[in-house]
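Bear in mind the structure is a predicted one, so any value in this text is a computation, not a measurement. When reading the values below, keep in mind they use all heavy atoms of this one structure, side chains included, and skip hydrogens, waters and symmetry mates. Chain letters run A, B, ... following the sequence lines, proteins first, then strands; residues in each count from 1.
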Amino acid sequence: MSVLYSCSHLDSPHSPLPPTYPSSSSSYHQLDKLYFCEECDAVRCDQCVAVEIASYFCPNCLFDVPSANVRADKNRCARSCFSCPTCESSLSIQASDVPTESGQPGPPYSLICSGCRWSSKEVGWSFEKPTGIALQLQKMNHQTEIVQSEFDSLKEHLESYISLSTPAPSAPSSIRSTRDPSRQISHLTQMAQKALHRDVGGMVAYSARSKGRSTGKEGEKEKYGWDELGVYEAKGSWRAGGESVLDGVDILRDLEDSGAGGMAEVGKRWGKSWDNSKMTKDVLPQRIPLQTKLTKRCPHPNCRHLLIQPDTKSIRMKIKMVAANYLPLVEIGRRRRRIPSNDMNEASEQPTTEELERRRRERRRTRGGIPIKEEDESMGLPLKRGETYLFQLALTNPLYDPIQIRLTQPHAAKDVNTWCNVSIPTQHFTINALKDAWAYDEEEEEGNDDFLIGGSEAGFSEEGTTTTGGGSGMGTLGKKSRLSILGGQGTKKGRDRETGVEKRSNTSKVILLVEVLPDNNTGDRVRFDLEVRYTYKSDEMATPTEPGEGSGNGEKRGKKEEYKNFTFWIRIDLGVVE
Amino acid sequence: MGAFDPIATYEKGTYIETDTGNKVSRKATITGATNIILGGKSIIQTGSILRGDLRRSTAGQHVVITMGRYCLIGEGAIVRPPGKMYKGSFTFYPLRISDFVQIGPNSIIEAASIGSGVEIGKNCIIGKFVIIKDLAVILPDTVLPEGTVVPSMSVWSGNPGKLVDTLPETYQEAMEAKCKSYYQRFRAT
Ligand SMILES: [Zn+2]
Ligand SMILES: [Zn+2]
Ligand SMILES: [Zn+2]
Ligand SMILES: [Zn+2]
């Protein structure tokens with residue numbers, strides 16, 4: 001059971017494809033994960049926003065790593081944060097058990113895991129100081145560092161060649177290279193082959209070789225006039241002492257001793273696949289990967305407004321444009337199953353299709369006059385084929401002004417196959433404005449809804465903007481939320497009494513009738529879409545109103561106030577069919 | 001927030017309501033109550049244990065557990081200060097819990113500090129000297145080893161617990177509303 005909101009991404013907002021199209025699901029998200037761009041007047045989601053990294057930090061020591069250092073540190077904490085090779089918990093630094101002369105714990109220090117009691121003594125790591133472990137380790141130059149330094153020097157070797165061989169290309173050669181895209185790839189492959197003194201796999205290399213064979217010596221003459229790449233002298237040779245064979249014997253011996261459990265899982269070796277050993281005892285602690293704080297922007301090329309701007313120093317957000325501050329929250333609940341009066345004594349467990357069809361027609365007919373019994377049910381229970389359910393749809397207004405709602409079905413066309421028929425008895429209704437909690441308390445005490453008129457109105461709104469942000473959204477609440485400062489008195493007395501609507505503070509509940517179709521399969525998820533349009537008071541008085549909108553909606557108010565519509569689409573999932 | 005959230009009720013007289021609006025179950029075990037500070041509007045449910053008696057061994061007044069506003073200690077949860085050997089003797093250290101913190105049923109807490117807006121699911125074990133920064137979620141059945149640091153806006157799960165997700169930017173408001181709403185719905189029958 002869920003209610004998800006649609007994001008049209010960079011398209012102009014439109015009704016998404018029906019839920020029966022699996023591809024349509026990618027545009028639906030929870031409301032609390034959506035953003036709102038005021039400039040575009042559109043919903044944005046994590047899939048479409050433009051993301052930039054605002055800052056890097058270590059999740060363990062919480063140190064903010066300057067972005068200039070991140071690359072050299074290889075995106076990992078360069079201080080003393082390591083993760084356990086067996087359980088991935090962060091390791092802590094422990095002083096030696098041997099008491100020093102002063103009685104204080106002292107060196108040598110080791111890394112221990114408080115999750116599984118692994119100790120770096122197992123891999124022979126011990127440190128003189130309890131700080132800067134990563135640096136001390138680098139100086140100790142372990143196996144991984146040897147591999148790393150080999151890689152670095154190979155990279156250096158190739159880079160010197162690349163920088164030499166890429167002067168501004170002359171016109172004919174650039175034309176040639178654009179005509180032959182494989183040239184660049186084969187170029188790279190050949191470089192790698194030369195450097196490694198062995199064949200490097202790959203389509204291009206293969207085709208180049210076979211071409212060479214077929215054309216014979218003629219082909220060789222055709223060689224592009226490349227610079228010769230100097231021979232790379234490896235720091236250490238893989239061939240030395242034929243140790244790979246002995247390694248194999250050692251591994252088998254180790255395996256015999258340790259059993260299959262001695263073999264490290266692929267997941268633990270994944271991050272360091274250049275290392276040969278597959279044994280658990282050789283898996284070393286890794287520096288902890290850094291985390292980021294992200295800045296998010298509107299993806300529209302003509303907009304690019306900031307939607308999220310974190311404060312690198314605290315948990316506050318400097319800018320926070322989230323959809324939850326603009327769009328009503330929609331929730332579904334209070335499930336009831338409709339039991340027609342003549343069905344109540346029937347106990348047929350497995351009704352036939354004709355029987356279900358008959359009942360359906362029966363129900364349609366009896367909907368008018370005869371009272372129908374309804375039974376409360378748990379929301380989690382599977383739905384029954386051919387039954388009609390009543391749900392309550394609750395919409396909560398996030399704005400400091402009342403809004404008007406219109407509920408419709410976007411895919412009304414009959415050719416769209418669906419799991420259920422939905423009817424909305426009350427399609428038009430209003431929702432009261434958001435107020436401070438104490439204002440609602442008063443309202444409850446008075447026992448009526450006509451609380452909008454009164455001396456507290458002017459006072460609450462200004463204070464309201466500063467408190468409801470929970471501290472972090474402060475100053476970023478949208479124009480819409482601040483409306484009530486400008487706005488006059490709220491709804492008129494008696495207007496809150498609407499039929500078919502249950503109102504409580506800034507929430508309105510309406511009924512939704514859902515008939516689960518008889519031809520559903522067991523395990524089908526009953527889903528349907530709704531189009532929600534809300535009309536709100538806008539404070540953009542100077543700007544001309546968009547055509548067809550903002551023309552008011554029958555309420556007599558000052559001419560200064562403009563009304564605008566916003567339409568969004570939601571997908572409701574009611575659960576599985578029994 | 002939670003238009004369909006049910007009212008959570010308790011039998012009248014089974015909870016004591018303090019001047020600052022705390023609701024404390026008569027069936028909660030609270031030892032060393034003078035060493036415990038509650039911020040107000042917090043709920044301590046049936047069967048939970050708060051060990052205010054585990055105080056620093058030196059003389060004088062020591063606050064053992066402080067708790068902010070709108071906190072919830074779930075049924076059967078155990079909250080006790082962390083302790084370790086220091087200069088040859090075993091010492092307890094204070095445990096600080098900020099505002100809007102919910103601790104799920106049957107969880108065991110020995111953290112050093114828990115920031116504001118933190119939700120700890122049911123059956124969790126939060127090890128000694130764990131530091132949970134503001135705004136974090138510990139999913140049910142998570143075990144955080146001793147000394148784990150949980151950064152803001154992160155979600156943790158598993159045994160041992162690992163960082164598995166980050167929270168949406170709306171989390172702070174949602175969590176505060178959830179805590180306030182629970183407090184308002186927690187009423188005597
Ligand atoms: Zn999107
Ligand atoms: Zn925009
Ligand atoms: Zn670190
Ligand atoms: Zn471990």
Side-chain angles (χ1 to χ4, degrees), chain A residues 30-35 46 57-62 81 83-84 87-90 92 103-104 113-116 289 291-294 296 307-308 310 314-317 320-325 329-334 379 392-396 437 441 468-473 504 507-509, chain B residues 1-6 41 70 84-88 98-100 115-118 125 127-131 133-136 143-156 158-181 183-184:
Chain A
Q30 275 169 254
L31 177 62
D32 61 0
K33 294 193 174 162
L34 289 175
Y35 309 101
D46 263 326
F57 66 95
C58 168
N60 190 53
C61 64
L62 305 176
C81 303
S83 63
C84 173
C87 75
E88 288 179 50
S89 299
S90 58
S92 44
Q104 296 288 318
C113 175
S114 50
C116 70
Q291 297 278 317
T292 55
K293 282 188 179 182
L294 299 175
K296 296 177 183 176
L307 301 178
I308 294 292
S314 76
I315 52 162
R316 285 161 176 262
M317 305 276 172
K320 182 152 101 177
M321 308 293 282
V322 290
N325 288 342
L329 171 71
V330 183
E331 293 165 286
I332 189 154
R334 180 119 205 260
M379 291 294 288
Q392 266 189 336
L393 199 69
L395 283 88
T396 304
D441 288 344
T468 9
S472 65
R504 192 186 155 83
T507 301
S508 290
K509 288 177 180 171
Chain B
M1 188 44 12
F4 297 102
D5 286 343
K41 300 201 172 183
Y70 290 107
K84 66 173 177 186
M85 293 297 290
Y86 181 70
K87 290 187 176 177
S98 299
D99 302 333
F100 306 108
S116 75
V118 172
I125 297 173
K128 285 179 186 175
F129 299 104
V130 165
I131 295 170
K133 306 297 280 184
D134 294 342
L135 309 178
V143 178
L144 293 185
E146 188 178 330
T148 306
V149 177
V150 173
S152 292
M153 302 300 271
S154 64
V155 181
W156 289 63
N159 176 15
K162 288 178 195 130
L163 198 160
V164 293
D165 202 359
T166 51
L167 292 164
E169 289 86 354
T170 50
Y171 172 74
Q172 182 171 10
E173 290 82 356
M175 184 61 189
E176 288 177 8
K178 182 179 171 175
C179 290
K180 284 182 179 169
S181 157
Y183 180 78
Q184 262 128 37

If I measure from the heavy atoms of chain A, does K133(B) come under 4.5 Å with its side chain, its backbone, both, or neither?
side chain
Top contributor to chain B contacts, counting heavy-atom pairs under 4.5 Å, from N60(A), V322(A), L31(A)
N60(A)
Option in R334(A), M379(A), K509(A) with maximal non-hydrogen atom pairs under 4.5 Å from chain B
K509(A)
Side chain, backbone, both or neither: which part of K293(A) has an atom under 4.5 Å from a heavy atom of chain B?
neither
Looking at P151(B), G147(B), G88(B), which one has more heavy-atom pairs under 4.5 Å with chain A than the rest?
P151(B)
Where the side chain of E176(B) meets the backbone of G117(B), is there a donor-acceptor pair that is under 3.5 Å apart?
no
Given side-chain contact (heavy atoms from CB on, under 4.5 Å), test S181(B) with D5(B) step by step and report yes or no.
CA-CA 9 Å; S181(B) 157; D5(B) 286 343; 4.1 Å; yes
So what's closer than 4.5 Å to chain B heavy atoms on Q30(A): side chain, backbone, both or neither?
neither
What is the distance from atom NZ of K320(A) to atom CG of L307(A), rounded to the nearest 0.5 Å?
13.0 Å
Holding to ring pair (Phe, Tyr, Trp, His ring centres under 6.0 Å), I want the full list of residues that pass it with Y183(B), two or more places apart in sequence or in another chain.
Y70(B)
Need one label for L395(A): side chain, backbone, both or neither, based on atoms under 4.5 Å from any heavy atom in chain B.
neither
Looking at residues at least two apart in the chain, or sitting in another chain, which of them share a salt bridge (Lys or Arg N to Asp or Glu O under 4.0 Å) with K33(A)?
none
Within the side chain of K84(B), is there an N or O that forms a donor-acceptor pair under 3.5 Å with the backbone of F129(B)?
no
